[in-house]
Amino acid sequence: TALGGFWGRGCGSIGRLLLAELVLLFCCLALGLALLPGGLLEMAQESTFGSNLAASAGKAALLLLNVLLGLTVGYEVAVSAAIFSARLEPAVGGVCAKDSTAYIGAVYALDYCGGALGAFVLGIALIPFLGVAESCFVLGAIKAVSGLMVWARFQRGAQAASTGSG
């Protein structure tokens, strides 16, 4: 996630946040499909023709999805902080001093709290009751809802910009 955060620093636009939401939704759904019974991982392990190659390809695909997930989560947090910073600076007179850095720190603190709460809920409630693949689908649904919220915010911003310029 740190590499994704470095990649996303200073890139504060709602369009980039929406892109990150879509990539995370794709990763959740792809992981869920790969982990279902009869999914990519099981098919790769049961393959008779080139079974070692197929199993390695399935494991590599899962590894790449996990790396993409980690990079995108870090990117999403950095983009969110940049959006928050851009909106905050005019409110504090354009000076990014103690006040604005405290608020940006709050964004990162909320990220860590959300990560801890998510790990707890995922490990205690979702995975034991639903299973790993189905939990990926639940996370995908959450990302779809949050993506729709970002898209709605993007649309409101675009309408406000067109109304203000016309």
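For this chain, numbers begin at 1 and follow the sequence in order.
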Could you tell me which non-hydrogen atom of Gly32 sits nearest to which non-hydrogen atom of Ala133, and how far apart they are? O-CB, 3.5 Å
Taking all non-hydrogen atoms of both residues, which atom of Glu21 and which atom of Gly147 are closest, and how far apart? OE1-N, 3.5 Å
Report yes if some heavy atom in the side chain of Leu31 is under 4.5 Å from a heavy atom in the side chain of Leu69; otherwise report no. yes
Please report the shortest heavy-atom distance between Gly140 and Leu25, naming the atom on each side. O-CD1, 3.0 Å
Single-linkage hydrophobic cluster, 4.5 Å side-chain cutoff, Leu68 and Val73 together: no
Heavy-atom side-chain contact between Phe137 and Leu36 under 4.5 Å: yes
Start with the C-alpha distance between Tyr75 and Leu24, add both sets of side-chain angles, then the distance that settles side chain to side chain contact (heavy atoms under 4.5 Å, CB included), and finish with yes or no. CA-CA 11 Å; Tyr75 177 79; Leu24 289 171; over 6 Å; no
Using links of under 4.5 Å between side-chain heavy atoms of ILVMFWY residues, direct or through other members, which residues join Tyr112 in one cluster? none
Cluster check Leu126, Val132: I/L/V/M/F/W/Y, side chain < 4.5 angstrom: yes
Single-linkage hydrophobic cluster Val23~Leu18, side-chain heavy atoms < 4.5 angstrom: no
Greater than 12 external heavy atoms within 6.0 Å of Phe26's CZ: no
Linked hydrophobic residues, Met149 as query - side chain contacts closer than 4.5 Å: Val145
Can you tell me how far CG of Leu65 sits from CG of Leu29, rounded to the nearest 0.5 angstrom? 10.5 Å
Taking the side chain as every heavy atom from C-beta outward, state whether Leu122 and Leu139 have any atom pair closer than 4.5 Å. yes
Indicate, with yes or no, if Ile127 and Val121 share a hydrophobic cluster defined by side-chain heavy-atom contacts under 4.5 Å among Ile, Leu, Val, Met, Phe, Trp and Tyr. no
